[in-house]
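Below: one structure, written as structure tokens.
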Amino acid sequence: MDALYAASGGAKWLVLAGLDRFLFGDWLRGARTRPLPAIGSSIGSWRLACAAQTDPVAALDRGHDGYIFGQEYSVKPDAREISTVSAALLDRLLGATGASEVMAHPFLRLHIVTARGHGLTATT
């Protein structure tokens with residue numbers, strides 16, 4: 001395998017839970033002799049951040065718990081509120097050492113794809 005890709009779409013986070021647990025918890029644990037680019041956007045990058053932690057299944061559990069139970073918004077949330085809730089969810093997913101574990105993974109190299117909308121797709 002030359003790269004690992006994970007697409008955006010929040011529903012995938014839950015639908016692929018069992019597959020992620022197998023892929024990241026067992027199959028991906030094999031030793032590699034070269035780096036493996038892990039490329040994701042949106043929730044896909046969060047899934048790959050779980051994969052790159054020391055205990056990927058525990059990271060997935062934290063992420064799923066936060067995604068299902070940790071998101072509470074006002075009736076009309078603004079960008080600041082959404083960012084605050086999302087940051088708290090990401091902190092939960094990473095735990096105390098997750099960010100450094102992702103950076104120090106022996107072969108996974110996490111790449112996060114982002115895009116900014118312009119014109120009709122821009123936010124106000």
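Positions are given from 1 along the sequence.
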Residue pairs fulfilling side-chain hydrogen bond (donor to acceptor under 3.5 Å, both in side chains) with at least one residue in residues 22-46, sequence neighbours excluded: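 Qualifying pairs: Asp2-Arg34.
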side-chain hydrogen bond (donor to acceptor under 3.5 Å, both in side chains): which pairs involve residues 8-21, sequence neighbours left out? Asp20-Arg47, Arg21-Asp61, Arg21-His64
[X]: side-chain hydrogen bond (donor to acceptor under 3.5 Å, both in side chains) partners, not counting sequence neighbours:
X: Asp65; value: Arg92
X: Thr97; value: Glu101
X: Asp91; value: none
X: Tyr73; value: Gln71

Counting C-beta onward and ignoring hydrogens, is there a side-chain heavy-atom pair between [X] and [Y] closer than 4.5 Å?
X: Leu93; Y: Gln53; answer: yes
X: Leu36; Y: Leu28; answer: yes
X: Leu89; Y: Val85; answer: no
X: Leu4; Y: Leu48; answer: yes

Hey, could you give me each pair passing ring pair (Phe, Tyr, Trp, His ring centres under 6.0 Å) that has a residue in residues 78-120? Not counting sequence neighbours. His105-Phe107
Any chain of hydrophobic side-chain contacts (each under 4.5 Å) joining [X] to [Y]?
X: Leu108; Y: Phe22; result: yes
X: Ile112; Y: Leu16; result: yes
X: Phe69; Y: Leu90; result: yes
X: Tyr67; Y: Leu19; result: yes
X: Leu23; Y: Leu110; result: yes

Between CD1 of Ile68 and CG of Leu14, what distance do you get to the nearest 0.5 Å? 5.0 Å
Residues two or more places apart in sequence or in another chain: which of them pass salt bridge (Lys or Arg N to Asp or Glu O under 4.0 Å) with [X]?
X: Asp78; value: none
X: Arg80; value: none
X: Arg109; value: none

According to side chain to side chain contact (heavy atoms under 4.5 Å, CB included), who are the partners of Ala88, at least two apart in sequence or on a separate chain?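 With neighbours one apart ignored, the set is empty.
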If you take all heavy atoms of Gly9 and Ile43, which pair is closest and at what distance? O-CG2, 3.2 Å
Give me the other members of the hydrophobic cluster that Val57 sits in, counting Ile, Leu, Val, Met, Phe, Trp and Tyr linked by side-chain heavy atoms under 4.5 Å, directly or via other members.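 Besides Val57, the cluster holds no residue at all.
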